[in-house]
Amino acid sequence: MTDIISQKREMRRAMRAARLDHWQALPQAHRALIFGRPPRAILPLIESAEIVGLYHAVPGEVPTTRYAMHLLDIGKMIALPWTREHAGPLAFRLWTGSEETLEKGPWGPQPHMAMPQVVPDALFMPLVAFDASLNRLGQGGGHYDGWCAQHPATRRIGLGWTVQQAERVPTDDHDMPLDAVITEQQVLLPTNERVLP
Ligand SMILES: Nc1nc2c(c(=O)[nH]1)N(C=O)[C@@H](CNc1ccc(C(=O)N[C@@H](CCC(=O)O)C(=O)O)cc1)CN2
Ligand SMILES: Nc1ncnc2c1ncn2[C@@H]1O[C@H](COP(=O)(O)OP(=O)(O)OP(=O)(O)O)[C@@H](O)[C@H]1O
């Protein structure tokens, strides 16, 4: 086991716990409201996108329900992660925005296999941890890493709570930095510019 792998494992453990604690402390009705719509600062990353990728949040993750509704309202198509099996590669399939059109997948609700597979032009990704250099730590399955490596033109936007910011996320050669991170307190951009959401 290389040092980076064990550092990532330890950071994942600590940050998953911090993420869940933070989420649990928020009143349920407030969680989704905090992330109402993508902040102005990231509009350049999504304005020309026809298809925007989101995710179906699990406990602890930043909720995406309001983003989904907003993106549909402004005429975007939205897509969600889809995998055939646990270890399977990640794909994206279109989503109508209705919970009823989702079915049970290996990792949770996902679009039906009959929905068209698409390549989102911009992708909102759940984070386990991030840092000021826009490095991302995910679940460790390599799902997003693999997909992003094959689709480098897709803009990568991380969603996380401020408590998930690390001093420095350990990185491998395959890790691709994000184009932006949105938290409940700020938007992090590559220039280290800090703006309010
Ligand atoms: N909401 C959501 N959807 C997603 C992801 C995600 O992180 N969040 N994914 C992101 O890739 C993909 C699914 N991959 C996942 C990989 C691992 C775990 C997970 O929960 N892992 C275990 C720990 C596994 C380990 O450390 O060995 C866990 O947290 O208990 C979840 C999803 C696609 N869909
Ligand atoms: N582009 C890639 N090509 C081949 N293997 C990769 C690639 N990206 C990641 N992997 C492999 O996937 C596994 C998980 O990588 P890593 O620990 O960086 O996960 P992560 O970024 O936290 O997770 P995820 O990408 O699922 O959000 C590692 O074994 C890594 O070698």
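Both ligands and their constituent atoms are indexed starting at 1 by order of listing. Keep in mind that this is a model prediction, so the values were computed, not measured.
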Over 12 non-hydrogen atoms of neighbours within 6.0 angstrom of CD in Q139: yes
Residue and atom name of the nearest protein heavy atom (relative to atom 12 (C) of ligand 1), distance in Å to one decimal: H143 ND1, 4.1 Å
Heavy-atom nearest neighbour in the protein, as seen from atom 18 (C) of ligand 1, with distance rounded to 0.1 Å: W107 CZ3, 3.3 Å
Short side-chain to backbone donor-acceptor contact, R12 and Q7, under 3.5 Å: no
Location of contacts on R9 toward ligand 1, heavy atoms closer than 4.0 Å: neither
Within reach of ligand 1, part of H56 (heavy-atom separation under 4.0 Å): backbone
Non-neighbouring partners of D121 that pass side chain to side chain donor-acceptor pair (under 3.5 Å), sequence neighbours left out: none
Donor-acceptor contacts, no H, no angles, side chain residues 30-40, under 3.5 Å, sequence neighbours left out:
| from | atom 1 | to | atom 2 | distance (Å) |
| --- | --- | --- | --- | --- |
| R31 | NE | W23 | O | 2.9 |
| R31 | NE | L26 | O | 3.4 |
| R31 | NH2 | W23 | O | 3.1 |
| R31 | NH2 | L26 | O | 3.2 |

Residues in the immediate environment of ligand 2 (any heavy atom closer than 4.0 angstrom): K8, R12, R136, L137, G138, Q139, G140, G141, G142, H143, Y144, D145, A149, H174, D175
Part of T83 within contact of ligand 1 (heavy atoms, under 4.0 Å): neither
Shortest reach to atom 9 (N) of ligand 1 by a heavy atom, considering only Y144, W82, W147: Y144
Nearest neighbour of atom 24 (C) of ligand 1 from the list R12, R16, H86, Q110, on a heavy-atom basis: R16
Residue pairs passing the ring pair (Phe, Tyr, Trp, His ring centres under 6.0 Å) test where at least one lies in residues 125-148, sequence neighbours excluded: F92-W147, W107-H143, W147-H151
Identity and separation of the nearest protein heavy atom to atom 8 (N) of ligand 1: E61 OE2, 2.7 Å
